[in-house]
Amino acid sequence: MTTNAQLLERYRAVLPSYVNPLYAEPISIERGEGGYVWDVEGSRYLDFFGGVLTTMVGHNNPEVVAAVQGQAAKVMHTSTLYLSEPMIELAEQIAAISGIPDARVFFTTSGSEANDTAILLATSYRKSNQVLAMRNSYHGRSFTAQAITSHSSWSSTSLSGLSVNFIQGGYRLRSPFGHMNDEDFTNACVDDLVQVIDMMTAGDVACLIAEPIQGVGGFATPPDGFFGELHKVLANHQILLVTDEVQTGWGRTGEHFWGYQAHNVVPDMLTFAKGVGNGATLAGIVARAEIMDTISVLSFSTFGGNPLSSAAGLATLRYVLDNDLQGNALAMGRRLTAALAPIAEKKPWIAELRGKGLMQAIETVHPGSTEPDARRAGAILEGCKRRGLLVGKGGLYGNAIRITPMLDVSADELNEGVSAIIETIEEIE
């Protein structure tokens, strides 16, 4: 039998040094069923991370598996040079639910590529290389996406052809405006946006790209209506708004299908990825036709929207809608918050429990301060694993635990996961 340790040795020998698995003793997930996975040594875990919010409707979901198998038996690849009914149907459905008027959809293979495309469109449409992004943001690992990422632990280069300025965002714990109430905090961030545009740009900025809830940034969550207020300033300057819905899309926040819908605004573009394929490689961008069609030269995508991924996306989206998984995310998210809030308030080294729906985080600090404590976050990660629960880790300082159950998580599964988290927290001094 192959062991986790043997696979780790092979992993280290052939993969780059900057690619690292979770845990002091990493595991290899061999198979999954619903909310559970098993490693190569037979240990079972309840999965509250889903391959970074990507397995969204359960491992080995029968509807998704059947759709993938059925499509694989017909044709797996054609490219956008040919008419593909699964791709066209999925684009129709995503355009209809995007909320963007006269929407067009372009499929890519990753969120990084989708965000890269959004910047290409915005800078071409506005004929400007100036871009605004949020502090504590993460938008991917491509060359362009790195330029709009404000997260030093994930920034691998400062080289870029873009002129990027970062404005105050929703990470209130470490914001100079963090002590303010929601309205004053929002107004202060709006004032910061105005000053950045006036002082640090030539005025003709292409776009602001922002995550409604910052994913890698530890689920930093701004007040509702935040981006609507920022948009009033953007609109005065004809600056486009791009919402990065890679982690907030498809009903995960519970309250809305898209993260932007909490903010009384409709973006000019949105990007998506991760959960929509339930593990299949599927991402893309939705934009108004006049913006999407600003590209006038020949272009296509070899793998974007391929028949296999589109079949998985259609089955996943139907499962989410037919089973009201947004409603389940809302109900189970409230249950998750109610269960974790008491212990979060009790422990002086937990600075915040934050997020929405099935997208919640715990940030750990040294007691009596906001000084990050990555050691305690690591202890939660490892302690949950010992109890058969997989969670994620993130945040600028590696001190935020990310908790993201499947959208169809049951009450019993949620109770099991919460018990593991609480027991782990209680044992940490």
Side-chain angles (χ1 to χ4, degrees), residues 130-139 147-155 158 163-201 203 205 207-234 236-237 239 241-244 248 259-260 262-265 344-345 348-356 360-374 376-377 394-402:
Q130 297 178 93
V131 172
L132 299 174
M134 292 283 175
R135 298 179 190 181
N136 196 49
S137 62
Y138 177 84
H139 295 290
I148 53 176
T149 288
S150 174
H151 214 272
S152 59
S153 56
W154 287 91
S155 296
S158 61
S163 174
V164 183
N165 285 293
F166 295 98
I167 65 173
Q168 291 286 340
Y171 188 24
R172 297 177 67 166
L173 182 65
R174 303 184 190 285
S175 169
F177 314 134
H179 62 284
M180 299 177 178
N181 62 38
D182 286 356
E183 183 178 0
D184 290 343
F185 174 83
T186 299
N187 289 336
C189 291
V190 170
D191 290 342
D192 176 69
L193 170 63
V194 171
Q195 191 172 83
V196 168
I197 294 172
D198 288 348
M199 292 185 174
M200 302 166 69
T201 77
V205 177
C207 70
L208 165 66
I209 184 167
E211 304 156 274
I213 296 176
Q214 293 180 325
V216 170
F219 296 165
T221 308
D224 286 357
F226 180 84
F227 289 105
E229 294 303 307
L230 293 184
H231 187 256
K232 294 175 183 178
V233 176
L234 301 179
N236 286 337
H237 294 271
I239 299 171
L241 175 62
V242 182
T243 58
D244 178 341
T248 49
Y260 81 75
H263 298 280
N264 303 315
V265 66
E345 293 169 2
W349 49 268
I350 295 181
E352 282 188 330
L353 169 68
R354 59 175 179 254
K356 288 186 175 185
Q360 301 197 29
I362 292 170
E363 179 160 351
T364 60
V365 295
H366 291 281
S369 74
T370 58
E371 181 184 353
D373 189 347
R376 282 192 172 96
L396 179 60
Y397 305 100
N399 66 322
I401 292 298
R402 297 199 281 170

Side-chain touch Asp244/Met134, heavy atoms, less than 4.5 angstrom: no

Side chain to side chain contact (heavy atoms under 4.5 Å, CB included) evaluation trace for Arg135 with Tyr171: CA-CA 8 Å; Arg135 298 179 190 181; Tyr171 188 24; over 6 Å; no

Smallest separation among heavy atoms of Gly398 and Ala377, with atom names: O-CB, 3.7 Å

Qualifying salt bridge (Lys or Arg N to Asp or Glu O under 4.0 Å) pairs with a residue from residues 216-232, counting only residues at least two apart or across chains: Asp224-Lys356, Glu229-Lys232

Heavy-atom pair with the smallest gap, counting every atom of Gly228 and Val265: CA-CB, 4.0 Å

Pairs involving residues 211-223, ordered by first then second residue, that meet salt bridge (Lys or Arg N to Asp or Glu O under 4.0 Å) (sequence neighbours left out): none

Spacing of Phe219 atom CZ and Leu353 atom CG [to the nearest 0.5 Å]: 11.5 Å

For Ile148 against Phe166, the heavy-atom pair lying closest together: O-CE2, 3.6 Å

Under the salt bridge (charged side-chain N to carboxylate O under 4.0 Å, His left out) test, residues paired with Arg354 that sit two or more places apart: Glu352, Glu363

Under 3.5 Å: donor-acceptor pair, side chain of Thr364, backbone of Asn399: yes

Step-by-step side chain to side chain contact (heavy atoms under 4.5 Å, CB included) determination, Leu208 to Ile167: CA-CA 9 Å; Leu208 165 66; Ile167 65 173; 4.0 Å; yes

Student check: side-chain heavy atoms of Val205 and His237 closer than 4.5 Å: no

Over all atoms of both residues, closest heavy-atom pair of Gly218 and Ala361: O-CB, 3.4 Å

Pairing residues for Asp182 by the side chain to side chain contact (heavy atoms under 4.5 Å, CB included) criterion, not counting sequence neighbours: Arg172, Pro223

Kindly list each side-chain donor-acceptor pair under 3.5 angstrom involving residues 192-199, sequence neighbours excluded, with atom names and distances?
from: Asp192; atom 1: OD2; to: Gln168; atom 2: N; distance (Å): 3.0

Counterpart residues, side chain to side chain contact (heavy atoms under 4.5 Å, CB included), relative to Leu396 (two or more places apart): Asn136, His151, Ser152

Nearest-0.5 Å distance, CZ of residue Phe227 to CG of residue Leu241: 8.0 Å

Passing option when Thr201 is tested against Ile239, Val131, Asn165 for side-chain contact (heavy atoms from CB on, under 4.5 Å): Asn165

Minimum heavy-atom distance between Pro372 and His366, given as atom pair plus value: O-CD2, 3.3 Å

Atom pair CZ (Phe226) and OG1 (Thr186), whose distance is rounded to the nearest 0.5 Å: 6.0 Å

